[in-house]
Amino acid sequence: VRAGRPRARPAAGLTRLVSRSDRSFRIDARQLQRRFRSLQRAVHPDRFGQRPPKEQYYSEQHSSLINKAYQTLLNPLSRGLYLLELSGVEPAQETDCDADSAFLMEIMEINEKLAESKNENIIEEIETLIKVKQEELTRELTAAFERDDLQEAKKLLGKMKYFANLEDKLKTKKIPS
């Protein structure tokens, strides 16, 4: 921060803004969090409360961008989608039928089991299964990005979206009505 004004980096991507590495899928979550906190300390709107309105505005804008970058990079699905976007690859749409039939059957079965289940133990089993599958897909996605196999990364991100949707349904199911 120079003269009370956050440094603008309009050309910097989200990855460079928060993580110091340019386009790597693999991140160090602790390092990312430290960098996030350091940047937020420098530009947080509370530090600019007594500054001119223009500086307050810049602070709010930069703080918001840093929050967005951090949230994007912290989540493997959003981080992968962002890296695909940077590479000019369109993410898989839900109407794309690239997913194999065995995978789609697995998703349907989990969905049905989740919709029908009232049993806490079964819900916990589904939660564990989803977590394991997401971790597995994240490892495969890391390898795909490291090989620079963007088409494989696109397929894996499509699968991750299905599991993210299941996770959302699971969270809704766990919230008492």
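The analysis underlying the following values was restricted to heavy atoms, covering all of them including side chains, and did not include hydrogens, waters or symmetry mates.
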Set out, in order, the CA-CA distance, both residues' side-chain angles and the distance that settles side-chain contact (heavy atoms from CB on, under 4.5 Å) for L39 and H62, then state yes or no.
CA-CA 9 Å; L39 289 169; H62 281 80; over 6 Å; no
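- Side-chain contact between V43 and Y58 is absent, with no heavy-atom pair separated by less than 4.5 Å.
- Remark: side-chain polar atoms of T172 are paired, donor with acceptor, to backbone N or O of D168 under 3.5 angstrom.
- Of all non-hydrogen atoms in A42 and F48, the two that sit nearest each other are O-CE1, 3.6 Å.
- Among residues at least two apart or in separate chains, side-chain hydrogen bond (donor to acceptor under 3.5 Å, both in side chains) pairs with a member in residues 119-133 are E106-K133, E127-K174.
- Separation of atoms CG (L129) and CD (E109) is listed at 10.5 Å; rounding is to 0.5 Å.
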Test side-chain contact (heavy atoms from CB on, under 4.5 Å) applied to I126 and I130, step by step
CA-CA 6 Å; I126 294 170; I130 291 170; 3.8 Å; yes
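- Contact record, L77 with A164: CD2-CB, 3.8 Å, taken as the closest heavy-atom pair.
- When all heavy atoms of L84 and P91 are compared, the closest pair comes out as CD1-CA, 4.3 Å.
- Listed by chain and number, the residues in a side-chain contact (heavy atoms from CB on, under 4.5 Å) with E152 are A144, R147, D149, K155, L156 (sequence neighbours excluded).
- With sequence neighbours excluded, no residue forms a salt bridge (Lys or Arg N to Asp or Glu O under 4.0 Å) with E167.
- With values rounded to the nearest 0.5 angstrom, K154 atom NZ is found 14.5 Å from K159 atom NZ.
- Hydrophobic clustering, with ILVMFWY side chains joined whenever heavy atoms are under 4.5 angstrom apart, groups I107 together with I122.
- Listed by chain and residue number, nothing satisfies the side chain to side chain donor-acceptor pair (under 3.5 Å) test with N75 (two or more places apart in sequence, or in another chain).
- Between the side chain of S63 and the backbone N or O of S59, no donor-acceptor pair lies under 3.5 Å.
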For residues 136-143, tabulate all N or O donor-acceptor pairs below 3.5 Å that involve a side-chain atom, not counting sequence neighbours.
from, atom 1, to, atom 2, distance (Å)
T138, OG1, Q134, O, 2.8
T142, OG1, T138, O, 2.8

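- Considering all non-hydrogen atoms of both residues, E55 and R51 come closest at OE1-NE, 2.8 Å.
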Quick one: do L32 and F36 satisfy side-chain contact (heavy atoms from CB on, under 4.5 Å)? Show the steps, please.
CA-CA 6 Å; L32 178 66; F36 166 73; 5.5 Å; no
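- Summarising the geometry, atom CD belonging to Q50 is positioned 8.0 Å from atom CD belonging to Q56; distances are rounded to the nearest 0.5 Å.
- Residues satisfying the side chain to side chain donor-acceptor pair (under 3.5 Å) test with E146, not counting sequence neighbours, are R26.
- To the nearest 0.5 Å, the span separating CG on L170 from CG on N165 amounts to 12.5 Å.
- A perpendicular orientation is assigned to the rings of Y162 and F103, their planes being inclined by more than 60° (bins at 30° and 60°).
- Residues satisfying the side chain to side chain donor-acceptor pair (under 3.5 Å) criterion with N67, sequence neighbours excluded, are Q40.
- Here OG of S78 is found 9.0 Å from CE of M160. Values are rounded to the nearest 0.5 Å.
- Across all non-hydrogen atoms, the minimal contact from F25 to P76 is CE1-O, 3.4 Å.
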Please walk me through it: do L74 and Q33 pass side-chain contact (heavy atoms from CB on, under 4.5 Å)?
CA-CA 9 Å; L74 196 58; Q33 186 178 47; over 6 Å; no
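- Note on L157 and L104: same hydrophobic cluster, where clusters join Ile, Leu, Val, Met, Phe, Trp and Tyr whose side-chain heavy atoms are under 4.5 Å apart, directly or indirectly.
- Nearest approach of K173 to A115, heavy atoms of both residues: NZ-O, 3.3 Å.
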